[in-house]
Amino acid sequence: MKKYLFLMLLLSSSYFLNAQSLLSTKSGVAKFNATGGLVKIEAVNNQVDCKMLPSNGQIVFALLVKGFRFENQLMEDHFNENYLESTKFPKASFKGYITNIATVNFAVDGVYKVTADGVLSIHGVDQKIQTPGTITIKSGKASLKSDFSVKLADYKIAGSYIGEKIAAEANIQINCNF
Amino acid sequence: MKKWIIIIGSILLIVAAILYYVFIYAAQYKRNVNDEKAIAITAVELVSAYNNNESEANTKYLNKALLVEGIVKEVGQNQEGNTTITIDGANDFSSVFCTLKEVIKNVEVNKKINIKGVCIGFTSDVVITDAFIQSKN
């Protein structure tokens, strides 16, 4: 009897794990910072689409480059027209897996360090990247944060900017609440 | 001598105007979709246009002001507290996702709505940003 009970428990627990459905948000935040000189070159995008599967760690981000808002309109126009060429390449995306998703217990509150492995696509160029992040579980709700840098040259992003200096590496911060 | 003063004076004026444009005017100017003439379209038409041919739809709608009509499917809030509205696109996988420029409390699900905003492209939804509600019932 005990054996069966144990088996049932095991089965139900595995069922519970599988039952964790897709986590998704359409209003994730991506912050971009490429300040090289005195003038800050910063932008925010509030419409990041993110889907994550807790069972295997599969993760997909998609964002639209024209959704980045700068404080300075001229800078925003340069960003779109000269650097990211957002009419030709409207989308940026990341597709991959969180490699250590097994260490995250979605039922227990806490901050879990994770690593994502996958392909980042910006400006029509695909690059394999590995990036650190954290998954925070708070009262049953998951959120995902990541902070990483990209070399603009890796994505063939080269423009000439008047007045301001743009950094060779841009810092990107992602924050998604599911 | 007088000629020189005029020439130097006008050069200085031009330089001042350029500096003003780059550092003050451009820094403050923001596109306001409310002042623009918008392309009127239903959410169902927009979603089907993007699902049928994304690049063709982009040439028609990307970065343009749109006035989208449809039925409210979902109302939410983004991390900055602004209201987000999902308009039904008669497609299980794809809708029109709008982020408003303001906080609007009394948007009801399943009611008809008209939203004006800038189309920034297609993820799995058609995304509209900097939007305003034009009319609702």
Side-chain angles (χ1 to χ4, degrees), chain A residues 22 24-31 38-41 43-51 60-81 84-95 124 143-145 161-164 173-178, chain B residues 15 18-33 50 54-66 73-87 93-101 117-131:
Chain A
L22 185 78
S24 75
T25 179
K26 292 172 183 176
S27 56
V29 172
K31 284 185 181 153
L38 288 172
V39 182
K40 67 172 181 183
I41 304 173
V44 183
N45 189 320
N46 282 310
Q47 287 158 311
V48 179
D49 186 301
C50 176
K51 295 185 178 76
V60 176
F61 286 96
L63 70 80
L64 295 157
V65 177
K66 284 191 194 294
F68 276 105
R69 287 291 168 268
F70 289 72
E71 274 175 33
N72 182 326
Q73 179 81 40
L74 190 68
M75 217 180 256
E76 188 174 308
D77 295 345
H78 277 292
F79 175 81
N80 279 297
E81 286 157 26
L84 273 290
E85 298 176 90
S86 61
T87 303
K88 217 161 133 195
F89 310 110
K91 256 182 271 189
S93 67
F94 175 81
K95 288 181 183 136
S143 65
L144 177 72
K145 277 198 182 92
Y161 198 84
I162 46 159
E164 273 83 44
Q173 283 174 34
I174 305 276
N175 188 1
C176 293
N177 297 335
F178 298 109
Chain B
V15 170
I18 292 171
L19 287 178
Y20 174 80
Y21 174 76
V22 172
F23 291 104
I24 299 171
Y25 177 77
Q28 285 169 350
Y29 163 75
K30 289 273 176 201
R31 179 178 182 177
N32 187 348
V33 75
Y50 265 99
E54 190 180 341
S55 61
E56 196 187 298
N58 269 333
T59 59
K60 275 190 197 156
Y61 305 120
L62 187 66
N63 212 19
K64 303 260 166 62
L66 301 184
K73 197 176 180 182
E74 213 181 311
V75 181
Q77 216 180 30
N78 72 7
Q79 290 183 33
E80 279 181 359
N82 286 359
T83 306
T84 62
I85 297 172
T86 309
I87 309 178
F93 294 98
S94 187
S95 326
V96 178
F97 182 66
C98 310
T99 300
L100 301 190
K101 232 181 168 171
V118 181
C119 175
I120 56 169
F122 183 65
T123 51
S124 59
D125 288 330
V126 182
V127 182
I128 305 279
T129 192
D130 294 342

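The figures that follow rest on heavy atoms only: side chains count, while hydrogens, waters and symmetry mates do not. Reminder, nothing fancy here: chain letters follow the sequence lines and each chain counts from 1.
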**Request:** For each of A:Arg69, A:Lys26, A:Lys91, tally heavy-atom pairs with chain B at distances under 4.5 Å, and name the one with the top tally.
**Result:**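 Winner by heavy-atom pair count: A:Lys26.
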**Prompt:** With respect to chain B, which residue among A:Thr87, A:Asn175, A:Leu63 yields the maximal number of heavy-atom pairs within a distance under 4.5 Å?
**Reply:**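 Max contact count across the listed options: A:Asn175.
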**Asked** Ignoring hydrogens and geometry, is there a side-chain-to-backbone donor-acceptor pair from A:Gln47 to B:Ile128 under 3.5 Å?
**Response**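 Pair found, side chain donor or acceptor close to backbone of B:Ile128.
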**Prompt:** Any sub-3.5 Å donor-acceptor pair from A:Glu76's side-chain atoms to A:Phe70's backbone N or O?
**Reply:**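 Yes.
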**Prompt:** Without hydrogens or angle criteria, can the side chains of B:Glu80 and A:Asn46 be said to hold a donor-acceptor pair below 3.5 Å?
**Reply:**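 Yes.
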**Request:** Heavy atoms only, distances under 4.5 angstrom: which of B:Thr59, B:Thr84, B:Asn63 has the most pairs with chain A? Name it, please.
**Result:**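 Option with the greatest count: B:Asn63.
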**Request:** Tell me, for A:Asn177 versus chain B, whether the close heavy atoms (under 4.5 Å) come from the side chain, the backbone, both or neither.
**Result:**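 Contact with chain B: backbone and side chain both.
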**Prompt:** Of the backbone (N, CA, C, O) and the side chain (C-beta and beyond), which part of A:Ser86 lies under 4.5 Å from a heavy atom of chain B, both, or neither?
**Reply:**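 The backbone, not the side chain.
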Contacting region of [X] [heavy-atom separation from chain A under 4.5 Å]:
X	result
B:Thr86	side chain
B:Asn78	both
B:Glu54	side chain
B:Asp125	side chain

**Item:** Pairwise side-chain contact, A:Val29 with A:Val48, heavy-atom cut-off 4.5 Å (strictly under)
**Value:**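 With C-beta onward as the side chain, the pair stays apart.
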**Partner set under ring-ring contact (aromatic ring centres under 6.0 Å, His included) for A:Phe61, not counting sequence neighbours** =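 Residues passing ring-ring contact (aromatic ring centres under 6.0 Å, His included) with A:Phe61: none at all.
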**Message:** Using the ring-ring contact (aromatic ring centres under 6.0 Å, His included) criterion, which residues pair with A:Phe178? Sequence neighbours excluded.
**Reply:**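 Expected list: none.
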**Message:** Can you tell me how the ring of B:Tyr50 sits relative to the ring of B:Tyr61, calling it parallel under 30°, perpendicular over 60° and tilted otherwise?
**Reply:**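 Tilted.
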